[in-house]
Engineer: 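Structure in structure tokens, see below.
By convention in this document, chain letters (A, B, ...) are assigned in the order of the sequence lines, proteins followed by strands, and residues within each chain are numbered from 1.
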Amino acid sequence: MDTSKLTKQLNKEQLTAVTAPLEHILVLAGAGSGKTRCLTYRIAWLIATDKTNPHNILAVTFTNKAANQMRFRIDNLLTEPAKGLWVGTFHGITHRFLRTHWQAANLSQSFQILDSNDQLRSIKRLLKALAVDEKVFPPKKIQNFINTNKDEGLRARNLTADENDLWLNQMIEIYQIYEENCQRSDVVDFGELLLRCYETLRDNPQLLEYYQQRFQFIHVDEFQDTNNIQYKWLQLLAGQNSKLFVVFDDDQSIYAWRGAKIENIQRLQHDFANTKLIRLEQNYRSTSKILTAANVLIANNTKRLGKNLWTNGAIGEPIVLYQAYSEVDEAWFVAEQILAWQGSRKEVAILYRTTAQSRQFEEILLQKNIPYRIYGGLRFYERLEIKDILAYLRLSMNRNDDNAFERVINTPKRGIGERTVVMLRGEARQQNISLWQASNNIFASGQLSKRAANSLQNFMALIEKLANLELPLQEKIEYAKMSTGLVEHYQKAGKEEAQGRLENLEELANAAHQFERQYNNASSVLSGFLDHAALEAGEKQSKSNDCVQLMTLHSAKGLEFEVVFLSGLEEDLFPHKNSLDDFNLEEERRLCYVGITRARKLLYLCHSKSRFRYGERNICKPSRFIEEIPEELIKKVRLA
DNA sequence: GTGGCGTGGCTTTTT
DNA sequence: GCCACGCCAC
């Protein structure tokens with residue numbers, strides 16, 4: 001194949017990286033320097049030059065979006081589809097592994113994925129059962145404890161109790177019981193996907209050998225965001241012979257708070273011999289003014305590998321700084337600037353530190369009739385009605401899924417009240433069985449009132465019926481909607497709300513139809529669809545109209561816009577007041593760096609003299625980050 | 001089973 | 001100030 005198509009479009013450093021010898025390659029890629037391009041071209045180059053078979057290549061990302069984009073771009077570069085190439089998220093790939101090797105992983109074939117919401121519910125139920133006070137052991141804290149430990153690769157049994165720390169001991173115990181519960185219910189939470197996959201590979205030499213042999217070339221995107229277990233997993237999989245190709249930017253590490261370890265970069269250089277570091281420092285995105293601002297700002301961080309982005313591009317407009325009187329004034333200013341902007345609306349982004357800030361912007365954009373789109377918030381598969389119906393389907397797949405059971409046992413109301421459920425829980429706990437099995441026992445024992453027994457029997461029959469239906473997925477969902485009484489249930493709540501919910505259910509049925517058409521294994525299509533729902537929460541709004549984009553700085557990473565508004569640049573908000581120690585402050589600064597480098601042409605910095613927060617109006621000082629940007633790059637404006 | 005009231009907490013978020 | 005959630009009373 002003619003590979004000049006591949007190599008022509010690259011600059012010198014990109015070319016060096018893409019065509020680097022088959023060693024461990026680390027690419028330090030600054031913002032806007034062609035990071036994804038480098039990764040996709042490398043993979044395409046490996047295949048096109050017959051260095052390897054696609055079958056021997058693995059590429060890992062953090063988000064579904066990044067994975068889809070990568071696959072799409074690789075396909076476009078190649079003349080024929082890369083068969084056997086694995087591209088996916090850490091969770092997607094480890095999930096795929098567990099589905100294939102469920103026995104080795106000590107799971108059942110029909111195990112289900114627990115999303116964070118379900119996980120929290122599950123913890124709450126567990127606390128109730130254990131009669132643990134939620135005030136002393138807040139469920140969210142426990143969830144965090146469990147997830148943090150799983151991210152570190154630690155199970156409850158790996159944690160050491162401390163006789164002087166009763167709180168810790170209790171946490172460990174809850175963690176332990178939570179693990180047992182999940183195992184019994186045959187569910188796997190997000191952290192578990194990785195941990196379980198890691199352990200299964202570690203403990204099964206033949207499997208490990210197979211995958212080490214298979215994945216000769218392992219590619220990782222956004223490596224600075226990897227946590228401990230992800231690192232260990234990669235290390236295990238790479239073994240002695242596989243070659244890593246890792247792309248990262250230490251200056252864009254903004255997820256330390258959820259376990260990401262920047263040190264993994266040094267760790268990798270230490271653990272793998274002969275790594276080669278390549279730097280991509282030419283920026284193709286921003287004007288030189290914007291880039292200089294970003295460079296000077298980030299230079300204030302001490303813990304960095306250090307790099308200097310440069311550009312051949314235009315000098316550009318000065319960065320605009322606006323001091324507002326209030327958050328309302330700030331939003332007004334932003335809206336006025338957007339109205340004056342001639343270009344496309346979707347090329348404009350309003351970025352903020354906290355989600356709560358979006359409301360002010362929404363109100364004004366609505367008033368001024370400027371279409372907008374907000375990222376974040378509730379996603380499609382997280383909606384109540386969707387989760388309800390999926391819970392029915394899950395239960396029909398796996399009767400032991402206690403989470404699903406609890407969710408739908410009395411939704412819609414069918415006369416199985418708290419009393420009955422308490423009895424079921426008691427039986428389940430005593431016998432160490434699932435709620436479904438407990439229902440069977442309790443029903444057989446004749447302890448229930450006639451009415452309750454009747455309702456329970458009907459409920460169980462309903463689930464059995466659903467399980468045995470041989471219908472296409474879409475029709476199954478339609479059937480579930482009606483037979484469960486959920487539709488009526490939502491309609492009771494009020495017209496407008498009901499309409500929205502029913503529309504969503506309709507969309508779910510359509511999604512199921514789409515899914516079924518692309519899925520080639522009819523016998524497991526439901527299971528596949530449920531996995532899909534858990535692993536890809538779905539975008540909030542699918543319409544890609546020409547809208548102004550509103551999002552937090554965190555969700556802006558990886559994106560770029562012609563015009564960027566960085567709002568709320570005030571002390572205590574950005575940097576956030578909970579992040580003022582040295583370590584966290586550097587992360588806040590990186591967050592600001594990410595924000596600045598999203599902009600191609602125009603960058604606005606806004607701060608307000610006062611802001612309404614927590615029911616009070618507070619006086620605000622401008623963010624230290626504003627002062628860190630050289631004055632000569634900035635133009636202060638006042639609104640008439 | 002539901003609706004009303006009181007309390008607490010409140011950074012970022014993917015999977 | 002707002003929302004989510006738990007608790008209690010009807």
Engineer: Within the pair N410(A) and dG1(B), is there a side-chain N or O less than 4.0 Å away from OP1 or OP2?
Structural biologist: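 So the side chain of N410(A) is within the cut-off, an N or O lying under 4.0 Å from OP1 or OP2 of dG1(B).
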Engineer: What is the distance, rounded to the nearest whole Å, between atom CZ of R121(A) and atom P of dG6(C)?
Structural biologist: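 About 11 Å, once rounded to whole Å.
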Engineer: How many Å lie between CG on D133(A) and C1' on dC7(C), as a whole number?
Structural biologist: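 Distance check: D133(A) CG to dC7(C) C1' gives 14 Å.
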Engineer: Looking at dT11(B), I'd like to know if its phosphate oxygens (OP1 or OP2) sit under 4.0 Å from a side-chain N or O belonging to S579(A).
Structural biologist: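 Checking S579(A) against dT11(B): no side-chain N or O falls below 4.0 Å of OP1 or OP2.
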Engineer: With a non-hydrogen cut-off below 4.0 angstrom, is R359(A) in contact with a base, only sugar-phosphate, or nothing?
Structural biologist: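 The answer is sugar-phosphate, as R359(A) gets under 4.0 Å only of primed atoms, P, OP1 or OP2.
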Engineer: Determine whether the aromatic ring centres of Y381(A) and H532(A) lie less than 6.0 Å apart.
Structural biologist: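 So the answer is yes for these two rings.
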Engineer: Could you state the CG-C1' distance from L573(A) to dC10(B), rounded to the nearest angstrom?
Structural biologist: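 In whole Å, dC10(B) C1' and L573(A) CG are 13 Å from each other.
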Engineer: Under 3.5 Å, which protein N or O atoms sit close to an N or O of nucleotides 2-6 of chain B? Give each pair with its distance.
Structural biologist:
residue	atom	partner	partner atom	Å
dT2(B)	OP2	K413(A)	NZ	3.4

Engineer: Got a donor-acceptor pair under 3.5 Å from the side chain of S116(A) to the base of dT15(B)?
Structural biologist: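 Indeed, a donor on one side and an acceptor on the other fall under 3.5 Å apart.
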Engineer: Distance under 6.0 Å and angle within 45° of the ring axis: does R258(A) meet both against Y255(A)?
Structural biologist: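 Yes, R258(A) lies over the aromatic ring of Y255(A).
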Engineer: So what does F612(A) hit on the nucleic acid, given a heavy-atom distance under 4.0 Å: a base, only sugar-phosphate, or nothing?
Structural biologist: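 Sugar-phosphate only.
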Engineer: Taking for each residue the nucleotide of DNA chain B bearing the nearest heavy atom, is the 5' side occupied by L535(A) or by T355(A)?
Structural biologist: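 Here T355(A) is the residue nearer the 5' end.
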Engineer: What about the rings of H219(A) and W86(A), do their centers lie closer together than 6.0 Å?
Structural biologist: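 That pair fails the under 6.0 Å test.
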Engineer: Do we count Y255(A) as stacking onto dT13(B) if the rule is ring centres under 5.5 Å and planes under 30°?
Structural biologist: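 A stacking contact does not exist, since Y255(A) is not both close and nearly parallel to the base ring of dT13(B).
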Engineer: When the distance from CG of N117(A) to P of dT15(B) is rounded to whole Å, what number comes out?
Structural biologist: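 Taking CG of N117(A) and P of dT15(B), I get 15 Å after rounding.
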Engineer: R379(A) side chain N/O closer than 4.0 Å to the phosphate oxygens (OP1, OP2) of dT15(B)?
Structural biologist: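 Result: yes.
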Engineer: Salt bridge (Lys or Arg N to Asp or Glu O under 4.0 Å), that's the test. Do K387(A) and D118(A) meet it? Break it down for me.
Structural biologist: CA-CA 10 Å; K387(A) 296 219 67 156; D118(A) 296 334; 3.0 Å; yes
Engineer: Establish, yes or no, whether a centroid distance under 6.0 Å links the rings of F459(A) and F405(A).
Structural biologist: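 Yes, the ring centres sit under 6.0 Å apart.
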Engineer: Is the phosphate of dT15(B), meaning OP1 or OP2, less than 4.0 Å from a side-chain N or O of N64(A)?
Structural biologist: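 Yes, within the criterion.
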Engineer: Let me know the distance between CG of L591(A) and P of dT11(B), rounded to the nearest Å.
Structural biologist: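 In whole Å, dT11(B) P lies 15 Å from L591(A) CG.
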Engineer: So does Y614(A) get a side-chain nitrogen or oxygen closer than 4.0 Å to the phosphate oxygens (OP1/OP2) of dT11(B)?
Structural biologist: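 Yes, because at least one side-chain N or O of Y614(A) sits under 4.0 Å from OP1 or OP2 of dT11(B).
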Engineer: Tell me which nucleotide among dT15(B), dT13(B), dG6(C) gets nearest to the side chain of E382(A).
Structural biologist: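 Taking heavy atoms from C-beta onward, the closest nucleotide is dT15(B).
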Engineer: Is there a side chain to side chain donor-acceptor pair (under 3.5 Å) between R589(A) and N584(A) once you walk through the steps?
Structural biologist: CA-CA 9 Å; R589(A) 193 175 280 112; N584(A) 284 308; over 6 Å; no
Engineer: Do other residues, nucleotides or ligands put more than 12 heavy atoms under 6.0 Å from R202(A) CZ?
Structural biologist: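 Yes.
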Engineer: Does K303(A) NZ have over 12 foreign heavy atoms under 6.0 Å away?
Structural biologist: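 More than 12 within 6.0 Å, yes.
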Engineer: Let me know the distance between OH of Y381(A) and P of dT13(B), rounded to the nearest Å.
Structural biologist: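 Going from Y381(A) (OH) to dT13(B) (P), I get 22 Å.
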Engineer: Roughly, in whole Å, what's the span from CZ in R353(A) to P in dT12(B)?
Structural biologist: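 Answer to the nearest Å: 7 Å.
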Engineer: To the nearest Å, give me how far apart CG (D572(A)) and C1' (dC10(B)) are.
Structural biologist: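 For the pair D572(A) CG and dC10(B) C1', the rounded distance is 14 Å.
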Engineer: For dT12(B) versus dC5(C), give the span between their P atoms, rounded off to a whole number of Å.
Structural biologist: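 Taking atom P in both dT12(B) and dC5(C), they lie 16 Å apart.
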Engineer: Using only modelled atom types and a 3.5 angstrom limit, is any donor from either the side chain of H576(A) or the base of dT11(B) paired with an acceptor on the other?
Structural biologist: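 Checked by distance alone, the answer is no.
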